[in-house]
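Model, not experiment: these values are computed from the prediction. In listed order, ligands and their atoms are each counted from 1. Because only heavy atoms are used, hydrogens play no part in the values below, and waters and symmetry mates are left out as well, while side chains stay in.
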Amino acid sequence: MSDTLAPVRPGKLIINGEAVDAASGATFETRNPATEELITNVAEAGVEDVDRAVRAARAAFDGGAWPKMKPGDRARLLHKLGDLILANADEIARLETLDNGKPIFESRHVDIAMVAGCFHYFSGWASKLTGETNSVNPAFFTYTLREPLGVVGAIIPWNFPMIMVGWKAAPALAAGNTVVIKPAAETPLSAIRIAELAIEAGFPPGVFNVVPGRGSVAGEALVKHPMVDKISFTGSTEVGKHIMRTAADTVKKLTLELGGKSPNIVFADADLDAALRGATMGIFYGKGEVCAAGSRLLVEKSIYEEFTAKLAERARKMVPGDPLDPKTRLGALINEKQMNSVLGYIETGVKEGARLVAGGARAPINGKGTFVQATVLADVDNKMRVAQEEIFGPVLAVIPFDDAADAVAKANDVFFGLASGVWTKDVKKAHTVSRALRAGTVWINMYNFFDPGMPFGGYKASGFGRDLGAACLQDYTQLKSVWLNLE
Ligand code: TAP
């Protein structure tokens with residue numbers, strides 16, 4: 001698990017177009033979960049630093065070069081940043097894998113394409129946001145202006161650190177806002193590097209700020225700050241609820257992308273080889289630390305035993321490996337706490353009566369690292385904790401069902417509503433089941449596909465507002481009605 005490339009530079013705060021230390025001089029360590037080694041130290045933003053970043057973002061929005069810039073020029077900057085991300089792809093992907101423990105295959109070939117894709121896609125929207133003229137009365141000239149909100153605070157989790165920068169900063173900036181990003185303390189490096197590239201691309205000072213630090217300090221300060229107009233948050237449901245309560249004091253606009261416990265439904269008439277691949281990738285991609293993970297696999301009874309046996313066989317072949325090895329498909333979990341929580345859930349599932357058919361244990365490499373085997377729990381009842389709670393690890397709960405009505409009832413019988421999957425060759429069933437599912441995304445005969453142009457977000461306790469697609473631009477803008485008296 002050797003990484004012979006250049007040592008990683010210490011991380012700084014990016015405020016007002018400059019890389020700076022925290023006012024207090026505080027730093028925190030970021031470690032590689034695969035080796036437990038120190039990667040580097042990172043400046044730790046405190047309340048004072050967040051205030052500095054927000055004031056810079058405010059000044060850039062209220063009176064700097066940003067609001068005076070033509071949308072087409074904003075578009076060029078966003079596009080250039082997308083190009084710079086691609087030009088520095090190897091470096092950013094390595095930082096992400098060191099920080100998060102995910103396979104380099106994912107960071108380099110999936111995450112980079114998505115984050116660069118977001119800046120490219122939303123650059124196109126910068127010049128296409130329009131209001132309308134409304135003919136309400138011949139005596140008046142009435143029209144609407146679609147305007148940016150102001151300063152957007154983006155609080156992001158550790159599972160997709162660079163992707164989340166693209167999901168949130170790209171549309172916010174395209175719409176003319178300025179941003180202050182609070183990356184997760186576990187994974188601050190890619191966001192800092194992308195902000196450095198934004199400076200290189202020529203973004204005016206104060207437009208693109210990054211304040212790495214603790215959620216309870218830097219995140220909290222951002223949510224409370226009266227000069228922040230909106231918080232776009234992705235993370236756990238618990239923290240999301242807390243942010244909602246805190247944001248009420250300053251009546252901030254919110255987008256919340258929270259947890260999931262997504263059902264992936266396999267009907268007996270499906271292409272079963274494709275469904276097997278989809279079920280495996282649906283849970284083990286990203287080590288299962290994926291909000292949209294297909295963590296509840298609902299399988300029709302007539303194929304249940306055979307399908308589960310084949311699934312277990314595939315899972316046993318998914319051996320965790322060195323995240324920096326391009327052949328690795330299962331990396332290390334984010335930290336020891338998460339690993340222990342995942343192992344605890346496996347134990348709970350077995351105690352609740354589930355049958356462990358693959359994995360179930362820690363799998364350290366050279367005695368180190370937070371690796372957990374690809375795990376399959378069969379014969380799960382939908383009422384069990386392992387079927388209802390987000391485990392956020394490589395653990396699949398397999399649940400049998402009788403027919404489409406039973407599948408839909410079980411799929412919807414959960415607190416969350418983020419994503420879902422349906423595997424069938426019957427077109428009518430595919431669409432009727434899709435309509436009945438209470439989830440923000442349904443994948444039919446596919447799973448875990450994303451595109452900057454397709455909205456993503458939750459039903460139920462999985463949150464509100466949307467990331468991606470034209471739809472999210474509504475959430476980063478507001479409408480002004482203008483009335484002119486012609487008489
Ligand atoms: P959280 O613990 O909720 O952390 C998310 C972010 O919020 C981190 O930057 C965290 O800071 C910060 N934070 C913590 N307390 C805060 C507070 N009081 N005020 C403001 N910010 C605060 O989530 P996580 O464990 O990193 O991520 C996993 C969760 O994210 C899962 O539930 C997963 O489903 C969800 N997720 C959802 C989606 C979508 S699109 N719905 C996508 C990815 C992940 P620090 O951690 O740095 O202290």
Side-chain angles (χ1 to χ4, degrees), residues 11 28-30 42 44-47 50 99-100 102 111 114 153-168 180-191 210-225 228 231-247 249 252 254-262 285-295 333-335 337-339 341-342 389-393 414-419 439-441 448 450 454-469 472:
F28 64 97
E29 292 184 339
T30 180
V42 177
E44 180 172 354
V47 175
V50 171
D99 232 3
N100 170 281
K102 66 170 69 187
D111 297 4
M114 176 50 110
I155 301 180
I156 60 186
W158 43 255
N159 60 342
F160 288 103
M162 72 163 110
I163 281 186
M164 290 295 138
V165 172
W167 281 28
K168 298 194 185 294
V180 179
I181 300 170
K182 207 300 279 178
E186 291 286 357
T187 52
L189 299 177
S190 55
V210 177
V211 285
R214 314 276 157 203
S216 54
V217 180
E220 192 86 15
L222 198 54
V223 178
K224 284 186 174 155
H225 205 296
V228 173
I231 294 289
S232 182
F233 170 80
T234 293
S236 63
T237 300
E238 275 322 301
V239 174
K241 288 196 283 193
H242 172 75
I243 286 178
M244 225 172 145
R245 284 189 285 264
T246 310
D249 286 339
K252 280 191 178 53
L254 288 178
T255 290
L256 298 182
E257 298 275 17
L258 308 175
K261 190 75 188 176
S262 300
Y285 185 84
K287 316 158 256 165
E289 290 171 331
V290 177
C291 55
S295 51
L333 301 193
I334 189 68
N335 57 29
K337 184 166 165 246
Q338 184 65 14
M339 178 185 72
S341 161
V342 169
E389 295 174 23
E390 186 177 45
I391 298 174
F392 226 52
V414 73
F415 185 54
F416 300 105
L418 192 56
T441 291
N448 260 347
F450 293 86
M454 200 60 182
F456 185 78
Y459 277 29
K460 296 157 78 178
S462 292
F464 52 81
R466 289 292 176 268
D467 280 317
L468 304 179
C472 83

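Counting non-hydrogen atoms of other residues, nucleotides and ligands closer than 6.0 Å to NZ of K460 gives a total above 12.
One finds the CD1 atom of I231 at 7.5 Å from the CG atom of L254 (value rounded to the nearest 0.5 Å).
With R466 contributing its side chain and G458 its backbone, the two residues share a donor-acceptor pair below 3.5 Å. At distances below 3.5 Å, not a single donor-acceptor pair connects side-chain atoms of E44 with backbone N or O atoms of G213.
Ring centers of F160 and W167: at least 6.0 Å apart, outside the cut-off.
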I'd like a table of the close N/O pairs between ligand 1 and the protein (anything under 3.5 Å), one pair per line with both atom names and the distance.
from: ligand 1; atom 1: 3 (O); to: S236; atom 2: N; distance (Å): 2.8
from: ligand 1; atom 1: 3 (O); to: S236; atom 2: OG; distance (Å): 2.6
from: ligand 1; atom 1: 9 (O); to: I156; atom 2: O; distance (Å): 2.8
from: ligand 1; atom 1: 9 (O); to: K182; atom 2: NZ; distance (Å): 3.1
from: ligand 1; atom 1: 11 (O); to: K182; atom 2: NZ; distance (Å): 2.9
from: ligand 1; atom 1: 11 (O); to: G215; atom 2: N; distance (Å): 3.3
from: ligand 1; atom 1: 18 (N); to: E220; atom 2: OE1; distance (Å): 2.8
from: ligand 1; atom 1: 19 (N); to: G215; atom 2: O; distance (Å): 3.4
from: ligand 1; atom 1: 23 (O); to: S236; atom 2: N; distance (Å): 3.3
from: ligand 1; atom 1: 25 (O); to: W158; atom 2: NE1; distance (Å): 3.1
from: ligand 1; atom 1: 26 (O); to: W158; atom 2: NE1; distance (Å): 3.0
from: ligand 1; atom 1: 30 (O); to: G235; atom 2: O; distance (Å): 3.2
from: ligand 1; atom 1: 32 (O); to: E390; atom 2: OE1; distance (Å): 2.6
from: ligand 1; atom 1: 34 (O); to: E390; atom 2: OE1; distance (Å): 3.3
from: ligand 1; atom 1: 34 (O); to: E390; atom 2: OE2; distance (Å): 2.5
from: ligand 1; atom 1: 41 (N); to: L258; atom 2: N; distance (Å): 3.3
from: ligand 1; atom 1: 41 (N); to: L258; atom 2: O; distance (Å): 2.7
from: ligand 1; atom 1: 47 (O); to: K182; atom 2: NZ; distance (Å): 2.7
from: ligand 1; atom 1: 47 (O); to: A185; atom 2: N; distance (Å): 2.5
from: ligand 1; atom 1: 48 (O); to: G215; atom 2: N; distance (Å): 2.8

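The salt bridge (Lys or Arg N to Asp or Glu O under 4.0 Å) analysis of residues 182-191, with sequence neighbours excluded, yields no pairs.
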